[in-house]
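Everything numeric in this text was worked out from a predicted model, so none of it was measured. Naming convention: chains lettered A, B, ... in sequence-line order (proteins, then strands); numbering from 1 in each chain. Computed from heavy atoms alone, side chains included, the values below leave out hydrogens, waters and symmetry copies.
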Number of protein chains: 2
Amino acid sequence: MQMMSSQTKPEEGGVDFALCPRFEQTFSFLGKKWNGLIIDVLLQEGPQRFKDLAHKIPRCSDRVLVERLKELEYNGVIVRRTFPDNSLIEYELTQKGEEFKDIMAAVHAWSDKWYCPTEADQK
Amino acid sequence: MQMMSSQTKPEEGGVDFALCPRFEQTFSFLGKKWNGLIIDVLLQEGPQRFKDLAHKIPRCSDRVLVERLKELEYNGVIVRRTFPDNSLIEYELTQKGEEFKDIMAAVHAWSDKWYCPTEADQK
DNA sequence: CTGAATCAGGGTGGTACCGCGAAGCTTCGT
DNA sequence: ACGAAGCTTCGCGGTACCACCCTGATTCAG
């Protein structure tokens with residue numbers, strides 16, 4: 001029973017969706033660069049430390065990764081767990097986050113079916 | 001057997017996804033403002049004229065709508081059909097576009113379940 | 001025939017903001 | 001003391017989005 005909406009509040013990077021349906025928010029949220037990737041890694045590989053995420057998404061800088069993680073936490077999609085004893089920090093999906101898996105599956109299916117390599121794939 | 005990829009080419013508004021998986025492209029594409037909405041309207045109400053789309057998505061300016069429609073056509077998601085006799089122009093989904101419906105359904109389901117109104121909904 | 005209205009956009013200009021790199025800072029382990 | 005992990009602060013460039021105005025084609029009223 002989260003109080004969160006899907007607006008991306010941290011650093012005030014959000015769009016005014018006052019008259020747009022809910023799912024436009026969701027798309028905008030997932031479409032934000034790296035968000036989909038982060039959620040996908042967490043879905044597939046479980047809770048991750050910051051450096052593991054950074055390592056698995058090498059093209060995303062620390063700066064941006066922190067930003068995204070804070071947004072995701074603010075939106076109730078992930079939680080940041082600290083283990084006080086060994087000072088370990090892990091990010092894991094909440095239930096709200098886990099339930100992205102249907103969307104992920106659908107998007108994966110579509111992408112696998114319709115993606116065609118172009119110039120951008122050469123390098 | 002389209003030759004199209006999911007990059008948004010018109011006006012060069014795309015991201016370099018060279019090392020990112022396919023579905024990140026898809027998210028970025030759908031997450032682009034108004035794209036999800038446009039596809040959703042076409043899915044639910046069939047082929048539409050420009051003015052009908054503009055009317056159903058009032059907060060999207062003509063300028064941006066034209067842009068989005070061109071991108072969607074470039075990406076093989078919609079087609080722009082002209083009827084020479086009565087000079088009618090309609091936009092309709094291709095098969096590639098129709099098959100977004102699974103994604104749309106999943107996103108709708110998630111959004112309906114997890115969306116909570118906040119300040120942004122007052123106005 | 002003339003004028004108005006509708007449709008499908010194009011052109012310009014401006015601002016907010018998104019994504020980013022670089023570098024510093026704090027806490028912890030050893 | 002030194003390095004790694006996990007951020008934070010500063011500042012930048014590009015561009016996405018929008019408002020406003022304009023065009024050309026077609027249709028409709030009278």
Side-chain angles (χ1 to χ4, degrees), chain A residues 7-20 24 27-38 47-74 78-92, chain B residues 7-20 24 27-38 47-74 78-92:
Chain A
Q7 281 95 26
T8 57
K9 191 62 161 294
E11 294 212 4
E12 211 51 63
V15 191
D16 172 18
F17 282 118
L19 282 183
C20 300
E24 185 77 355
F27 270 140
S28 166
F29 181 66
L30 287 173
K32 202 158 183 176
K33 204 171 176 183
W34 310 119
N35 269 357
L37 221 32
I38 292 170
Q48 302 280 312
R49 307 188 57 176
F50 183 87
K51 79 161 167 41
D52 295 327
L53 279 172
H55 186 250
K56 281 162 185 166
I57 311 176
R59 289 160 53 77
C60 178
S61 71
D62 285 3
R63 161 79 158 84
V64 175
L65 185 54
V66 172
E67 209 174 285
R68 287 303 112 87
L69 289 174
K70 275 199 275 192
E71 289 171 11
L72 288 164
E73 192 187 5
Y74 175 85
I78 64 174
V79 283
R80 180 180 180 277
R81 286 212 347 231
T82 56
F83 302 74
D85 43 326
N86 50 5
S87 81
L88 171 63
I89 298 176
E90 266 189 358
Y91 295 91
E92 69 180 318
Chain B
Q7 282 94 24
T8 56
K9 194 62 160 291
E11 295 214 3
E12 210 50 62
V15 190
D16 172 17
F17 282 117
L19 282 183
C20 302
E24 185 77 354
F27 271 140
S28 165
F29 181 65
L30 287 174
K32 202 158 183 178
K33 206 171 176 182
W34 309 120
N35 269 357
L37 223 31
I38 292 169
Q48 301 281 311
R49 306 187 58 172
F50 183 87
K51 77 155 165 65
D52 294 327
L53 280 172
H55 186 250
K56 283 162 185 166
I57 312 177
R59 290 160 53 77
C60 177
S61 70
D62 285 4
R63 184 71 172 83
V64 175
L65 185 53
V66 172
E67 216 172 274
R68 285 303 111 88
L69 289 173
K70 276 197 274 191
E71 288 170 12
L72 288 164
E73 192 187 6
Y74 174 84
I78 64 173
V79 283
R80 181 180 181 278
R81 286 211 348 231
T82 58
F83 302 74
D85 44 326
N86 50 5
S87 80
L88 171 63
I89 297 176
E90 266 188 358
Y91 295 91
E92 67 180 320

Phosphate OP1/OP2 of [N] contacted by [X] side-chain N/O (<4.0 Å):
| X | N | value |
| --- | --- | --- |
| B:Lys70 | C:dG10 | yes |
| A:Ser61 | C:dG21 | yes |
| B:Arg68 | D:dC17 | yes |
| A:Lys33 | C:dC20 | yes |
| A:Trp34 | C:dC20 | yes |
| B:Tyr91 | C:dG9 | yes |

Starting at atom [atom1] of [X], determine the distance to atom [atom2] of [N], rounded to an integer number of angstrom.
| X | N | atom1 | atom2 | result |
| --- | --- | --- | --- | --- |
| B:Leu37 | D:dC17 | CG | P | 13 Å |
| B:Phe83 | D:dT26 | CZ | C1' | 17 Å |
| B:Leu65 | D:dA16 | CG | C1' | 15 Å |
| B:Ile89 | D:dT27 | CD1 | C1' | 14 Å |
| B:Arg59 | D:dA16 | CZ | P | 20 Å |
| B:Ile57 | D:dC17 | CD1 | C1' | 15 Å |
| B:Glu71 | D:dA16 | CD | P | 8 Å |
| A:Leu53 | D:dG6 | CG | P | 10 Å |

Heavy-atom distance under 4.5 Å between the side chains of A:Ile38 and A:Ile78, does that happen here?
no
Using every non-hydrogen atom in the two residues, find where B:Glu24 and A:Asn35 come nearest and quote the distance to one decimal.
OE2-N, 4.4 Å
Heavy atoms of B:Ala54 and B:Asp62 approach each other most closely as CB-OD1, 4.1 Å
Find which nucleotide of DNA chain C each of B:Arg49 and B:Val66 is nearest to by heavy atoms, and output the residue with the more 5' nucleotide.
B:Arg49
So does B:Glu71 pair up with B:Arg68, basic N to acidic O under 4.0 Å?
yes
Taking only N/O atoms, report every protein-nucleotides 23-25 of chain D pair under 3.5 Å with atom names and distance.
none

The side chain to side chain donor-acceptor pair (under 3.5 Å) partners of B:Arg49 (sequence neighbours excluded) come to none
Mind listing the N/O atom pairs, protein and nucleotides 10-13 of chain D, below 3.5 Å?
| unit_1 | atom_1 | unit_2 | atom_2 | d |
| --- | --- | --- | --- | --- |
| D:dC10 | N4 | A:Arg63 | NE | 2.9 |
| D:dC10 | N4 | A:Arg63 | NH2 | 3.1 |
| D:dG11 | O6 | A:Arg63 | NH2 | 3.0 |

